[in-house]
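Along the sequence shown, residues are numbered consecutively beginning with 1. Just so you know, these numbers use all the heavy atoms, side chains as well, and skip hydrogens, waters and symmetry mates.
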Amino acid sequence: MTENILNTFSLEGKIALVTGATYGIGFALASSYAKAGATIVFNDINQEAVDRGMVAYQEAGITAHGYVCDVTDEAGINAMVEQIEKEVGIIDILVNNAGIIKRTPMIEMSAADFRQVIDIDLNGPFIVSKAVIPGMMKKGGGKIINICSMMSELGRETVSAYAAAKGGLKMLTKNIASEYGKYNIQCNGIGPGYIATPQTAPLRELQEDGSRHPFDSFIIAKTPAERWGEAEDLEGPAVFLASKASDFVNGHILYVDGGILAYIGKQP
C-alpha cells in the first residue's frame, strides 16, 4: 500500500529546540511543531521569561521543556544542549529564532549597539548550531532553520545592524548546508514578511480620523496579498523545513512575505 504523502510532514518522535520561543513568532513555530508531533524545548535569557513561556505552552495544551540560557554564551549553550540531551534526548530540529532589533539611524548608532545586534542575531545562531550539529551527526541527520527576515535581502532606514546580521545569517545558512549536508543535515532559512504580532499592533491601529497608520498603509501597498501576515502563515513552511518532506532542500531561504520581494509596487 502506498504511504500517505502527509506522513512525510509528521514530526512524531522528533525533539525540536526553538530559541527564544516564549512568545510571538517563536512560540507559533514551536506550537506548530507540537501539533505535528514533536517534543518542544525552548530557552530564554532569564527565569521570568522562561516561566512566562511555560505558562503559555500549558495554556495551549503543549508539554514543553524550558531552559534559562543566553544564546551568546557559548559555554552556557554547550551546557544547555548537554542537559537537553540527558533530560529530553538528542535535538533533531533547531530553530534559531532568538533575536533583537534596534531601530536607530546608522550615524546615530553606537558601535556597542551594533555589536550587540550582531552578537545575538548572528553569533547566537552560530553558537547554538555548532552545539547541536555533533548530536545530529551522531544521530544520522537533522534540521536547522534560521529566521532570516526580508532584511537579509532588503535594506531600510534605521535597521543597519539588523540587516547586516540577517544578511550574514543567510550566508551562514548556506555554509552550514554546504559543510554538513553530507551528514544528512539540512539547514534552511525562513524570511518572514511583516507579521501581525502584539509588537506590531501599534503600527496597525486606526488613526483618530479613522485612517490607517502610515506604516500600515505602506505595508499594504507593498504587499501583493494586501494584508499583514499572521503567525499561522509561517507554520506550514516551518513544518515543511523541519520534516522529511524537505530532505533534499538545503541552503534555501524561504520568504513568507505575501509577495513583497517579488513586487515593485503600485504605480503612483
Rounded to the nearest 0.5 angstrom, the CD1-OH distance for I118 and Y162 is 11.5 Å
To the nearest 0.5 Å, atom OG1 of T8 lies from atom CG of D247 at 9.0 Å
Review point. Stepwise, does the side-chain contact (heavy atoms from CB on, under 4.5 Å) test hold for E226 with I220?
Key: CA-CA 5 Å; E226 295 187 349; I220 298 302; 4.2 Å; yes
- Item | Any donor-acceptor pair under 3.5 Å from N188 side chain to I145 backbone | no
message: When you compare the side chain of V68 with that of I45, does any pair of heavy atoms fall below 4.5 Å?
response: no
| Taking atom types as modelled, is there a side-chain donor on T200 or R204 under 3.5 Å from an acceptor on the other? | yes
(Q) Tell me whether I147 shares a hydrophobic cluster with F27, the cluster being built from Ile, Leu, Val, Met, Phe, Trp, Tyr side chains joined at under 4.5 Å. (A) yes
- Kindly indicate whether the side chain of D216, heavy atoms from C-beta on, has any atom under 4.5 Å from the side chain of W228. yes
- Task: For E82 and N78, test the side chains for any donor-to-acceptor distance below 3.5 angstrom and give the result as yes or no.
- Result: no
**Q.** Donor-acceptor contact present, side-chain Y33 to main-chain A238, <3.5 Å
**A.** yes
Using distance only, find each side-chain donor-acceptor pair of residues 53-63 under 3.5 Å and give its atom names and separation, not counting sequence neighbours.
residue	atom	partner	partner atom	Å
Y57	OH	A21	O	2.6

Flag the pair I195 / D233 as yes when at least one side-chain heavy-atom distance between them is below 4.5 Å, and no otherwise.
no
Distance col, row T72:OG1 vs D119:CG, nearest 0.5 angstrom, shows 5.0 Å
Enumerate, atom names and distances included, each donor-acceptor pair closer than 3.5 Å involving a side-chain atom of residues 88-112, sequence neighbours excluded.
residue	atom	partner	partner atom	Å
D92	OD1	K139	NZ	2.9
D92	OD2	I15	N	2.8
D92	OD2	K139	NZ	3.1
N96	ND2	S129	OG	3.1
N96	ND2	N146	OD1	2.8
N97	ND2	T19	O	2.9
N97	ND2	G20	O	3.4
K102	NZ	Q116	OE1	3.2
S110	OG	D113	N	3.0

Looking at N250 and I185, would you say the former's side chain and the latter's main chain have a donor-acceptor pair under 3.5 Å?
yes
- Does atom CZ of F126 have more than 12 heavy-atom neighbours, drawn from other residues, nucleotides or ligands, at distances under 6.0 Å? no
Original post:
Is the shortest heavy-atom distance from the side chain of L122 to the side chain of K166 under 4.5 Å?
Top reply: no
Exercise for the section: Check whether any side-chain heavy atom of I40 sits under 4.5 Å from a side-chain heavy atom of H65, and report yes or no. Expected result: no
- Task: Examine distances only and state if a side-chain atom of S10 and a backbone atom of N7 form a donor-acceptor pair shorter than 3.5 Å.
- Result: no
Correct closest heavy-atom pair for K143 and Q186 would be NZ-OE1, 2.8 Å
Do P192 and V256 come within less than 4.5 Å of each other through their side chains, counting heavy atoms only?
no
Rounded to the nearest 0.5 Å, the OH atom of Y180 sits from the SG atom of C187 at a distance of 11.0 Å
Check whether any side-chain heavy atom of L169 sits under 4.5 Å from a side-chain heavy atom of D121, and report yes or no.
no
Output for pair (E74 CD, K130 NZ), nearest 0.5 Å, gives 4.0 Å
Is there a path of hydrophobic side-chain contacts, each under 4.5 Å between heavy atoms of I/L/V/M/F/W/Y residues, joining I144 to I190? no
Given the rule in the side-chain contact (heavy atoms from CB on, under 4.5 Å) test, do M136 and Y183 qualify, once you have shown the distances and angles that lead to the verdict? CA-CA 8 Å; M136 292 178 172; Y183 297 101; over 6 Å; no
Here the gap from T223 atom OG1 to D257 atom CG, rounded to the nearest 0.5 Å, amounts to 7.5 Å
Check residues 148-159 and write down every donor-acceptor pair under 3.5 Å in which the side-chain atom is one partner and the other belongs to a residue at least two apart or another chain.
residue	atom	partner	partner atom	Å
S149	OG	M151	N	2.8
S152	OG	S149	O	2.7
S152	OG	Y255	OH	3.0
E153	OE2	K170	NZ	3.2
E153	OE2	Y255	OH	3.4
R156	NE	Y194	OH	3.4

task = Check whether any side-chain heavy atom of I133 lies under 4.5 Å from a side-chain heavy atom of I176, and answer yes or no.
result = yes
Would L17 and V128 count as a side-chain contact (heavy atoms from CB on, under 4.5 Å) here? Give the steps. CA-CA 10 Å; L17 168 60; V128 184; 4.2 Å; yes
Is there a chain of hydrophobic side chains (I, L, V, M, F, W, Y, each step under 4.5 Å between heavy atoms) that links L11 to V132? no
* Asked: Hey, mind stepping through Q83 and K86 against side-chain contact (heavy atoms from CB on, under 4.5 Å) and telling me if it holds?
  -> CA-CA 5 Å; Q83 188 178 359; K86 288 178 181 175; 5.8 Å; no
Donor-acceptor pair between Y67 and Q47 side chains, under 3.5 angstrom:
no
